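Okay, structure first, notes after.
Source: prediction; values computed, not measured. So that the names make sense, note that chain A is the first sequence line, chain B the second, and so on, each numbered from 1.
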There are 4 protein chains.
Amino acid sequence: MASVTRAAEPSGTGGSGRRHHGNRHGRSEEARLAILEAADDLLVEKGFAGVTMEGVAARAGVAKQTIYRWWNTKTDVLMDTFLQDATEDLTPLDSGDVALDLRDYLRRLACFLGESAPGAVFKALIAQAQHDQGFAQVFRSRCLDAQRRRDRLPLERAVDRGQLPADLDMAAETDQLVGPLYYRVLVTGEPIGPEFTDGLVDAFLRRHGLTTPPRP
Amino acid sequence: MASVTRAAEPSGTGGSGRRHHGNRHGRSEEARLAILEAADDLLVEKGFAGVTMEGVAARAGVAKQTIYRWWNTKTDVLMDTFLQDATEDLTPLDSGDVALDLRDYLRRLACFLGESAPGAVFKALIAQAQHDQGFAQVFRSRCLDAQRRRDRLPLERAVDRGQLPADLDMAAETDQLVGPLYYRVLVTGEPIGPEFTDGLVDAFLRRHGLTTPPRP
Amino acid sequence: MASVTRAAEPSGTGGSGRRHHGNRHGRSEEARLAILEAADDLLVEKGFAGVTMEGVAARAGVAKQTIYRWWNTKTDVLMDTFLQDATEDLTPLDSGDVALDLRDYLRRLACFLGESAPGAVFKALIAQAQHDQGFAQVFRSRCLDAQRRRDRLPLERAVDRGQLPADLDMAAETDQLVGPLYYRVLVTGEPIGPEFTDGLVDAFLRRHGLTTPPRP
Amino acid sequence: MASVTRAAEPSGTGGSGRRHHGNRHGRSEEARLAILEAADDLLVEKGFAGVTMEGVAARAGVAKQTIYRWWNTKTDVLMDTFLQDATEDLTPLDSGDVALDLRDYLRRLACFLGESAPGAVFKALIAQAQHDQGFAQVFRSRCLDAQRRRDRLPLERAVDRGQLPADLDMAAETDQLVGPLYYRVLVTGEPIGPEFTDGLVDAFLRRHGLTTPPRP
DNA sequence: GGATAATCGAGACGGTACGTCTTGTCTTCGC
DNA sequence: GCGAAGACAAGACGTACCGTCTCGATTATCC
């Protein structure tokens, strides 16, 4: 449905310096990047409603058809925009201590969702997923699954270390850790400070009979 | 901004029989209801994108201007649609036992969000709130605040009864109870069964040193 | 069809100081005048398209219904506007000399059509008559016939005096005198000076074997 | 302002067979013709008020935007409609005799203005010119000037032949010939028969001392 | 003097058309 | 064959007026 992978680069070029304007040998990397950047800029500048295929094409200096050739809807473009930028580091820490790992991770996740530019794109995509079942599915497999895997990582490592029981209901525990966070971001709009995320971690520890280590 | 209250009924009529087609002394109740119903129907039948001012007007047998006279956007209409219907019973049970109350409430909330028609409107409104800061504010004060008050009610009653400590961080606890639920509905899209909501209640009880009563 | 005569004034008041807001026995003269004046002003300020029932009502401080009670269309209002103002003196001179009479009359007619405010209304009404056969009929009987009678007057007087033959084709002669004038005003838009109107008179005189008297 | 010339045809095709649906290298001739025809039909069927951009688009099977891309107003469309059809033959006869030429020409002009379909469009355009100064200017340069040149032609030829003096005031004479005709059509609405147009010619001849030849 | 009846201002109503905007498809041409 | 350019059909947007209606207040006249 959506364009998942970019066209294969001409073999041997190493994907490096070649600048082609689109010809029989594949799509124009130049155009692709210009489109993603234009979409991103428009979202930041004018909000979701300000992102239109027409506007993106104009700002990217690209024909509309070039967008439609590779994406179906503006949300598909935004999703690629997100994937392009989402190197935004959310890889969980691995300190050897669940408490520390979780505190660190949740803080960064809160910051990502609530304040960063990619976070804004992310929220826009979640919003779109409410309106469009088909998009929701693609979005989940392309963006959310990776995210959920990251969310689970600290817990999995703790299980491996023996800090947590092996029969832990991983899905439910993860939902309880990150769910309240998304809830605040998406629903109530309340700001999220460390005291909130730390509170979530403490509750988690208490539930599992772990003592709360001193806060940094 | 949005039309908050319907026009005052002529005193003493009990809101019953008066039929006026709109004049200086008030708007047409007939038109108002037709519009809300049309919007609701369209959302259910054709999804959010299928709700257009033009379509609502046509189906309601109403002039577009009549909609614009009282609402600014289609989401404002949907919000009133929601408020009209949201008698959908979510008033928490008061059995005298926090555990029972919470289990009952979360199950019904899950059902409301995930399966009911008003729940679909609710999700659409939350989605719109991601895109429009102004709408978000109105939506929160007109819809969410009441909801949050309901969410908190079981806990407040338990505090009153002495089942829970008086210094409970009400906001944080509520977020931990309902947050994962919203997260599943809005983000992951996973279905929510009683085992999930009951698990949330159990975790809550365990956190606060309460024993888990037998499940019904 | 159109409102031809104003409502009879209450007898004895002499149309002077009475201020009534309209009751069962007569309409409000105040409102009638405000409407006519508003329509006139709007035509001058914003052109024909700027004259709307809504706009007239607003500027006159009058309810739309009050206009519709007495007139059918905005052109009906404009016609009454015209009749109200058209005291603009076009009564032909009677000097005893056809040549002098005609010269004077055509000059003033040209000025009326081309430059005066009532002339602008007149042109607007003629324009509307092209689009609406029904209006054309009313317009002719209410405005044009009187005008045509005035046009003919100098010739009729000359016939009475014996200056012109009794079997003169009055209609055709009048058309040849004023026709070119209307043509310039309505069609070509060329400015009309005395040399043009005087030329028309000279041609007329020559056609009928009359000598051209010295120009003033 | 208004669309003056149609898009250049690809050279050498003779305007014949090429069918393009509109692209960067020119507009769709198909759409252009459909629009003009639809406008014409609507004017004839429902009168000037029945010609709406919406209606023209619908009947032509064309998007409104396609009309707005090439014309500003419905009267601009009607003007092109007129120019398209105005091959309606009004080219003056050249018999070698002014009297015959003029009689023939005025009769045909009367018929054109009073009875033909293009004549109806012409009157509608003149009406619009009363309301809109800008349109008046365009209309005159695009339609009227050509017409005036035709009007003058019989006289010019007579001057060339020596039948009329070389110092004839061409403009004034033309106005006196056709002015009464337009006056009847536009203002009084009286029907125009040959006796009227022939009378105009006779008057012209008499003014210039020419004998009236026998009528055909 | 109280009832009646028409006018008045106000403005909501169902509509139609406006002119603009965006979508997604298409055709043509240059590279 | 890709990409730029841009015309096209479709249709929603929000606005402006249309002509009708209902309301409550305001009078003159009549009983």
### Query
More than 12 non-hydrogen atoms from neighbouring residues, nucleotides or ligands closer than 6.0 Å to CD on E37(C), yes or no?
no
Specify the separation, in whole Å, of atom [atom1] of [X] and atom [atom2] of [N].
X: R27(B); N: dT22(F); atom1: CZ; atom2: P; result: 19 Å
X: E29(D); N: dT27(E); atom1: CD; atom2: C1'; result: 17 Å
X: I67(C); N: dC18(F); atom1: CD1; atom2: C1'; result: 12 Å
X: E30(C); N: dT27(F); atom1: CD; atom2: P; result: 11 Å
X: W71(D); N: dC18(E); atom1: CH2; atom2: C1'; result: 18 Å
X: Y68(C); N: dA10(E); atom1: OH; atom2: C1'; result: 15 Å
X: K74(C); N: dC17(F); atom1: NZ; atom2: C1'; result: 10 Å

### Task
Starting from the 5' end of DNA chain E, give me the residue, G61(B) or T73(A), whose nearest nucleotide shows up first.
G61(B)
### First of A63(C) and A63(B) reached from the 5' end of DNA chain E, by closest nucleotide
A63(C)
### Query
Can a donor-acceptor pair under 3.5 Å be found between the side-chain atoms of K64(B) and the base atoms of dG14(F)?
yes
### Message
Whether the side chain of Q65(D) and the base of dC8(F) hold a donor-acceptor pair under 3.5 Å is what I'd like checked.
### Response
no
### Task
On the 0 to 90° scale, with breaks at 30° and 60°, tag the F48(C)-H131(D) ring pair as parallel, tilted or perpendicular.
parallel
Look at [X] and [N] and indicate whether a side-chain polar atom (N or O) is within less than 4.0 Å of OP1 or OP2.
X: R69(D); N: dC8(F); answer: yes
X: W70(C); N: dC8(E); answer: yes
X: T66(A); N: dA4(F); answer: yes

### Message
Quick check on DNA chain F: between A31(D) and V62(A), whose nearest nucleotide comes earlier from the 5' end?
### Response
V62(A)
### Query
Which ones in residues 42-60 of chain B lie close to DNA chain E, meaning a heavy atom under 4.0 Å from one of its atoms?
none
### side chain to side chain donor-acceptor pair (under 3.5 Å) involving E45(A) - partner list, sequence neighbours excluded
R59(A)
### Query
Below 4.5 Å, heavy atoms only, C-beta onward: do R69(A) and Q65(A) meet side chain to side chain?
yes
### Task
Begin with the C-alpha distance, continue with both residues' side-chain angles, and end with the deciding distance and a verdict on side chain to side chain contact (heavy atoms under 4.5 Å, CB included) for F82(A) and L43(A).
CA-CA 11 Å; F82(A) 174 73; L43(A) 187 76; over 6 Å; no
### Query
Say you draw a straight line from NZ of K64(D) to CD1 of I35(D); how long is it, rounded to the nearest 0.5 Å?
13.0 Å
### Task
Please confirm whether R27(D) makes a cation-pi placement over W70(D), using NZ or CZ under 6.0 Å from the six-membered ring centre and within 45° of the ring normal.
yes
